[in-house]
Amino acid sequence: MSWLGLWHREAQYFDPAGLTPQGEHSCLLLREADALLARGALVLEVSLPELRKPEPLILFERGGDWPMRFQLSAVPGGGINLVLEQYGAVLHKTVNPTKRGRADRVRLTYNWDAPAFCGQLALEWPEGGRAEIADIPSPRPWRLADVQALLEGAPQSYIAPGVEYIALSSKPEPVGPMPGLFADTPVETETGLRPIGEVRRGDLLRCANGDLVPVLHMIEREVPAYGSFCPVRLRAPYFGLMQDITAAPFQRMVLTGSEVEYLFGCEAVLAPAEMLAATRTASRVTPSGPLVTYIQVVLPGHEVPVAAGLGVESLFLGRIRRDRSALAASLLSDLDRNALPEHAQPRYPVVRAFDAAILAEHRTA
């Protein structure tokens with residue numbers, strides 16, 4: 001079981017048995033009035049304005065026999081401050097983007113595992129790269145009734161306009177590199193086109209330069225279908241696509257051609273799908289439900305597989321295997337770190353949104 005609830009201004013979902021048919025509908029403990037979530041996560045995305053003083057993002061308070069208070073605030077510099085009062089104990093933690101500088105939009109993940117006496121507060125950029133992680137010793141479990149009231153917009157709660165969504169999981173959620181393709185995306189293999197969801201470790205993919213490269217790992221994740229996970233559809237025949245494909249906004253595409261060589265002095269550049277969504281070459285997809293599943297391949301040298309005629313970036317790992325805490329918090333935590341590749345730099349430069357729009361307009365002119 002994983003995702004139990006999701007708040008968005010246009011829709012709210014909550015089911016203690018899980019939001020997908022794969023949920024454990026026999027899990028009767030979470031149907032008790034005072035059921036506790038001993039392990040779980042709250043994930044949210046928020047747009048952060050420039051601030052001179054802290055501003056509240058979420059305020060939630062309940063009294064009675066189980067009083068609690070949950071407060072998230074944006075702080076100057078692009079950081080997030082958490083104050084959580086439960087069962088007479090007060091947790092106070094702040095995460096700041098000390099290494100990469102502030103961002104206009106961030107994703108915050110609060111993980112707790114009370115039986116294991118460990119938790120984390122992670123602040124990351126929506127493209128799914130490295131995260132700032134603060135450890136939380138001995139976190140307390142959440143009452144399911146409290147988090148349900150928060151996600152259903154109870155009168156005693158305040159959610160700032162800049163909050164895109166809030167999602168509840170029944171287990172700690174990973175942070176760091178994320179997959180970004182739909183499972184039905186056709187990729188070129190040694191035997192022809194196959195949906196990426198049918199590719200397995202050890203299969204050979206044909207890359208943009210014609211080489212055949214073995215798949216080291218397949219990475220998959222189910223996420224809320226909002227914010228930086230809201231799908232983007234790229235339209236054929238733009239950029240050489242043979243058919244439309246759907247990807248996460250942060251999934252980077254490889255753009256080539258004479259305009260690229262003229263403007264950037266290189267054979268190819270990388271552009272996130274989100275940057276193309278404001279042009280005629282792509283558009284955002286209205287979610288049909290609360291969740292969406294993405295998948296991606298890990299290749300030895302960050303090679304570029306070909307999806308429906310367009311080069312797409314494989315999962316970029318950087319040097320995450322050298323950082324044990326970052327690796328443990330990621331989707332790769334169950335893999336042997338010695339079997340993971342290192343990707344020192346992205347294979348091609350990453351363009352700005354303005355430059356990506358210009359390239360897209362050239363293709364549609």
Side-chain angles (χ1 to χ4, degrees), residues 1-24 30 37 39-48 57-58 60 70 72 80 103-112 120-129 131 142 144 147-153 157 159-183 219-233 246-251 272-274 277 283-296 329-331:
M1 183 166 50
S2 181
W3 300 103
L4 304 181
L6 186 145
W7 175 92
H8 185 267
R9 296 194 182 277
E10 298 178 358
Q12 289 83 48
Y13 305 88
F14 188 84
D15 188 341
L19 297 183
T20 63
Q22 292 75 31
E24 297 178 10
L30 292 184
L37 273 177
R39 303 170 68 246
L42 278 173
V43 181
L44 64 96
E45 289 188 20
V46 58
S47 297
L48 295 177
L57 298 174
I58 298 176
F60 178 73
F70 176 62
L72 282 177
I80 301 287
D104 293 333
R105 187 176 62 190
V106 296
R107 182 162 55 246
L108 187 77
T109 301
Y110 170 51
N111 287 323
W112 70 91
Q120 290 177 333
L121 187 65
L123 182 70
E124 60 183 326
W125 285 251
E127 66 268 20
W142 276 71
L144 193 64
V147 74
Q148 179 178 359
L150 169 64
L151 296 178
E152 292 179 348
S157 64
I159 301 175
V163 177
E164 176 71 19
Y165 69 81
I166 310 170
L168 169 68
S169 175
S170 62
K171 62 181 182 181
E173 289 294 323
V175 299
M178 295 289 167
L181 293 176
F182 269 28
I219 305 299
E220 183 176 343
R221 189 188 178 195
E222 186 179 56
V223 291
Y226 294 92
S228 67
F229 294 121
C230 182
V232 174
R233 179 173 291 113
T246 306
F250 52 80
Q251 173 65 52
E274 182 178 34
S283 62
R284 285 190 176 271
V285 178
T286 301
S288 58
L291 305 173
V292 65
T293 299
Y294 291 114
I295 193 169
Q296 189 51 282
S330 75
L331 278 168

Within the structure provided, determine whether [X] and [Y] are in side-chain contact (heavy-atom separation under 4.5 Å).
X    : Y    : value
I159 : I166 : yes
R221 : P174 : yes
L151 : L6   : no
F70  : L150 : yes
V292 : V223 : yes
W7   : V163 : yes
L42  : V147 : yes
E220 : Y294 : no

Starting from the C-alpha separation in whole Å, work towards a yes-or-no answer on side-chain contact (heavy atoms from CB on, under 4.5 Å) for R107 and L44. CA-CA 6 Å; R107 182 162 55 246; L44 64 96; over 6 Å; no
Backbone of L37 reached by a side-chain donor or acceptor of W112 within 3.5 Å: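 Pair found, side chain donor or acceptor close to backbone of L37.
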Counting distance only, does the side-chain N/O of S283 pair as donor-acceptor with the main-chain N or O of A277 below 3.5 Å?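 Flag not set: sc S283 to bb A277 has no pair under 3.5 Å.
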Pair S2, E173 - check side-chain contact (heavy atoms from CB on, under 4.5 Å), show working. CA-CA 9 Å; S2 181; E173 289 294 323; 3.3 Å; yes
Mind listing the closest non-hydrogen atom pair of [X] and [Y] along with its distance?
X    : Y    : result
A225 : P287 : O-CG, 3.0 Å
P179 : I219 : CB-O, 3.6 Å
L331 : P177 : CD1-O, 3.9 Å
G227 : P249 : O-CG, 4.3 Å
R105 : S228 : NH2-CB, 4.1 Å
P231 : T246 : CB-CG2, 3.6 Å

Quick check: W3 with F14 (ring centres under 6.0 Å apart)?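 Here the rings of W3 and F14 have centres that are no less than 6.0 Å from each other.
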Answer yes if the ring centres of Y226 and H8 are under 6.0 angstrom apart, and no otherwise.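 Aromatic pair counts; centres sit under 6.0 Å.
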Walk me through it: do V106 and L48 pass the test side-chain contact (heavy atoms from CB on, under 4.5 Å)? CA-CA 8 Å; V106 296; L48 295 177; 3.7 Å; yes
Side chains of Q251 and Q296 only: does a donor on one sit below 3.5 Å from an acceptor on the other?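 Side chains of Q251 and Q296: pair found under 3.5 Å.
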Is there a donor-acceptor contact under 3.5 Å linking the side chains of Y165 and E45?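 There is such a pair (donor and acceptor under 3.5 Å, judged by atom type) between the side chains of Y165 and E45.
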With rounding to the nearest 0.5 angstrom, report the CG to OG distance, L4 to S169.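 Going from the CG atom of L4 to the OG atom of S169 covers 6.5 Å.
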How many angstroms lie between OG1 in T286 and CD in E10, if you round to the nearest 0.5 Å?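 One finds 8.5 Å between OG1 of T286 and CD of E10.
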Could you list the residues that satisfy salt bridge (Lys or Arg N to Asp or Glu O under 4.0 Å) with R9, not counting sequence neighbours?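 Testing R9 for salt bridge (Lys or Arg N to Asp or Glu O under 4.0 Å), a comparison that skips the adjacent residues, returns none.
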Give the C-alpha distance, both sets of side-chain angles, the deciding distance and a yes or no for side-chain contact (heavy atoms from CB on, under 4.5 Å) between L72 and I80. CA-CA 7 Å; L72 282 177; I80 301 287; 3.9 Å; yes
